[in-house]
Amino acid sequence: MESIRIHHVLPYFLPDAEASVSEIWRRDACFRKGERHLVSATSGAGKSSLLGYLFGERSDYTGDIRYDDREIGSLTATEWSSIRQCRISFVFQGLRLFTDLTAFENIDLKNRLSHHKTGEEILYLLNLTGLADKRDEKVARLSFGQQQRIAIIRALCQPFDFLLMDEPFSHLDDANVEIISRLVEQELSSKQAGLILCSLGAEYPFTYHHKWKL
Amino acid sequence: MVQKLLRQNISTPQLLGYAFAALTGMSIIFTAFCFSRDIRPLFTPATGLFKPEYLTVNKKVSLLATFNSDRTTFSQAEIDEINRQKFVRSLSYFTSCRFRVKAYTQPSSQIPPFSTDLFFESVPDRLLDGAGPDWRWDEQSGVIPIMIPRDYLNLYNFGFAGSQGLPQISEAIVQQVVFRIAVSGNGRQQVFDGRIAGFSDYLNTILVPDAFMQWANERFGEGATGKASRVIIETDNPADPAIAEFFAAGQNYDISNSKDDPGKLSYFLTSLITIVLIVGTVIMLPAIGLMVLSINLLVYKNQKMLGNLVLLGYRRSRLARPYCLLALVLNMAVGAASFAIAGCAQSLYAPRLAALGITGLSGGFWTTAGFAILFVLLATVPDILWIRRKINRIKIPARG
């Protein structure tokens, strides 16, 4: 997948007045593979909605979104599965972890779809993010910051052309942000993948091709 | 790991409830099916001289009919109607003789002298497979083979001879006796030798070969060809309940086939088995309903987890598979247990059937096994379709 384009997209819930000051809603925008994009907005402007639309998680909008030339409304359930397995990865704001499973099991659940990383690589990532001792802990018993790190590692355990991140560092300290940003940057470079990161205003240590105000 | 997630919220009491209801329903259905297969030999009697696949039909003789012979003959419309019935493979007529017949013994013979007026009828020879090589008419030899009902001989031996101090005679002896038959009519008369060539169990008349009848009617016959008063129906299954139903429907018909009238018995037993099968099915329906409700509840409770797995890239068919497998394994277990119960039931009624002469029930057993496998698969298909439908329609939850 080389690009994601949006054309005149507007969420059902957004009043026209708010949309008129946006650089994305009801405009044309293009995210290319290999580029880094920051989308910043105040709370309630529709950041999570935008990423949800791009990922096919939600469809409460008008306008159209295309992967290359393919309108995403026409994708079948099977095509969505393979896109989510190896084209687009997503760090959800709500994380969507399985709280009954351990940290390692949550990551493995994703990894076993494409066998992208070895068990050792996963352990290395846990170690790098300071979670080595939490490996077999149930996610329900971890802090939100720790859960965020697990969700990010999980998102890296698959091949992708685009990585979507929705306020991924909101509960992390600066040291962890630094470590994880570097890790993400390495993965993006090795995959020549694109990044679309939504935040409330913080920019985080990435070098962006474009910064959008939503 | 996915299995571990999907197993959440599976309710054992609900599954047990379903298993119990389904076990009851399937046991009843399999047992009834097995029984219906096992008693089939009752309705396929061994082939007699006159094969039981042939039924003779005549009209009832009433007081009115005594004075109007039209009432006891078949009109063309009636014959057409009978012929249209599904159980009729072919339809033949009795041919009556249109000449006078007198049978007598020669004074010199060793049996007591007798002389009697007789009549003959004939039916197509193919209906008399068991008649043997003697059953043919040869104008040169001038011997007429005759077939009489076995009852006639019994009547003589056990009724007449016993009470009148006459000797009883065996079938073999009767077949040795040669007597004279004088045929007259149409201004001609001729004397033939007659011989009893066989006995019929099912056909209550005095038969001669069809060839003789054609020849003699042409030569001695007087008057027009009579209307048929008796017809013979060839059928694949004389125990077909449709036969009893059709002739019981007030058409004023008398039907005679084998002596124990398997049609009515079969009709009764088939109705009984049908009722039992319906009861079994009626029990199965709420069981299937319970399964559907359990699936709904399970998918509802696991909606969030299933939606998250879809977002991770799991295919919905992959998520449905363990549930489908569970339904299949559960139904197979219930089916196997029900089949075992049907087997026990069979061993309970086997001695009673043995008393009726039916042994070797393994045929019914294996047919039931095939039926059980088919039934379990068919009962699982709705479950699987429902599971897939519910999982395909899962909405992705708004927040993880």
Side-chain angles (χ1 to χ4, degrees), chain A residues 13 48-49 51-60 76-116 138-139 144 147-148 150-151 154-155 157-160 164 166-167, chain B residues 1-15 292 294-327 381-400:
Chain A
F13 62 83
S48 295
S49 303
L51 294 185
Y53 299 159
L54 297 183
F55 195 61
E57 181 189 354
R58 299 172 51 171
S59 55
D60 52 331
T76 63
T78 311
E79 288 172 315
W80 274 120
S81 293
S82 58
I83 284 168
R84 288 166 187 160
Q85 279 179 24
C86 54
R87 294 288 169 210
I88 302 181
S89 193
F90 195 172
V91 180
F92 305 92
Q93 188 185 24
L95 306 184
R96 295 190 186 277
L97 294 172
F98 299 92
T99 50
D100 287 339
L101 298 183
T102 66
F104 184 84
E105 284 171 339
N106 263 283
I107 296 165
D108 192 42
L109 197 62
K110 176 80 192 177
N111 192 57
R112 64 175 52 206
L113 279 172
S114 55
H115 300 287
H116 189 62
K138 283 203 172 163
V139 163
F144 194 78
Q147 291 184 12
Q148 263 187 331
I150 290 163
R154 182 177 73 177
C157 287
Q158 70 163 85
F160 55 80
L164 313 182
D166 192 357
E167 299 187 35
Chain B
M1 193 118 42
V2 190
Q3 310 283 357
K4 185 174 159 188
L5 280 176
L6 295 177
R7 263 205 302 275
Q8 288 174 5
N9 291 320
I10 289 181
S11 157
T12 315
Q14 279 172 20
L15 291 186
V292 166
S294 302
I295 294 166
N296 287 358
L297 193 63
L298 183 64
V299 171
Y300 178 77
K301 282 183 174 171
N302 286 344
Q303 188 163 8
K304 182 176 150 188
M305 177 260 291
L306 290 166
N308 283 342
L309 285 170
V310 168
L311 282 182
L312 283 190
Y314 279 88
R315 290 180 186 208
R316 288 168 193 261
S317 56
R318 162 86 177 76
L319 300 177
R321 201 181 307 149
Y323 295 130
C324 294
L325 207 63
L326 176 67
V381 167
D383 295 342
I384 288 179
L385 290 178
W386 190 253
I387 290 168
R388 294 178 65 104
R389 176 191 156 99
K390 291 304 284 184
I391 291 194
N392 281 335
R393 292 183 171 204
I394 279 180
K395 295 238 168 26
I396 289 161
R399 289 263 165 190

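Note: hydrogens, waters and symmetry copies are ignored here, and every other heavy atom, side chains too, is used. In the text below, chain A, chain B and the rest are named by the order of the sequence lines, each starting its count at 1.
Among the residues in residues 312-319 of chain B, those with a non-hydrogen atom closer than 4.5 angstrom to a non-hydrogen atom of chain A are L312(B), G313(B), Y314(B), R315(B).
Interface remark: of the candidates G52(A), S81(A), G56(A), S81(A) forms the most heavy-atom pairs closer than 4.5 Å to chain B.
Looking at F55(A), only its side chain comes within 4.5 Å of chain B, counting heavy atoms on both sides. Residue L5(B) touches chain A through its side chain alone, counting heavy-atom pairs closer than 4.5 Å. For chain B, the nearby part of L101(A) is the side chain; its heavy atoms alone come within less than 4.5 Å.
By the salt bridge (Lys or Arg N to Asp or Glu O under 4.0 Å) test, R112(A) is found to be paired with D108(A), residues two or more places apart in sequence or in another chain being considered. For K4(B), the salt bridge (Lys or Arg N to Asp or Glu O under 4.0 Å) partners two or more places apart in sequence, or in a different chain, are E105(A). For Y300(B), the side-chain contact (heavy atoms from CB on, under 4.5 Å) partners at least two apart in sequence or on another chain are Q303(B).
Nearest heavy atoms, L311(B) versus R84(A): O-CD, 3.6 Å.
Between atom CD of residue E57(A) and atom CG of residue N308(B) there is a gap of 9.0 Å, rounded to the nearest 0.5 Å.
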_side chain to side chain contact (heavy atoms under 4.5 Å, CB included) between V310(B) and W80(A), worked out_ = CA-CA 9 Å; V310(B) 168; W80(A) 274 120; over 6 Å; no

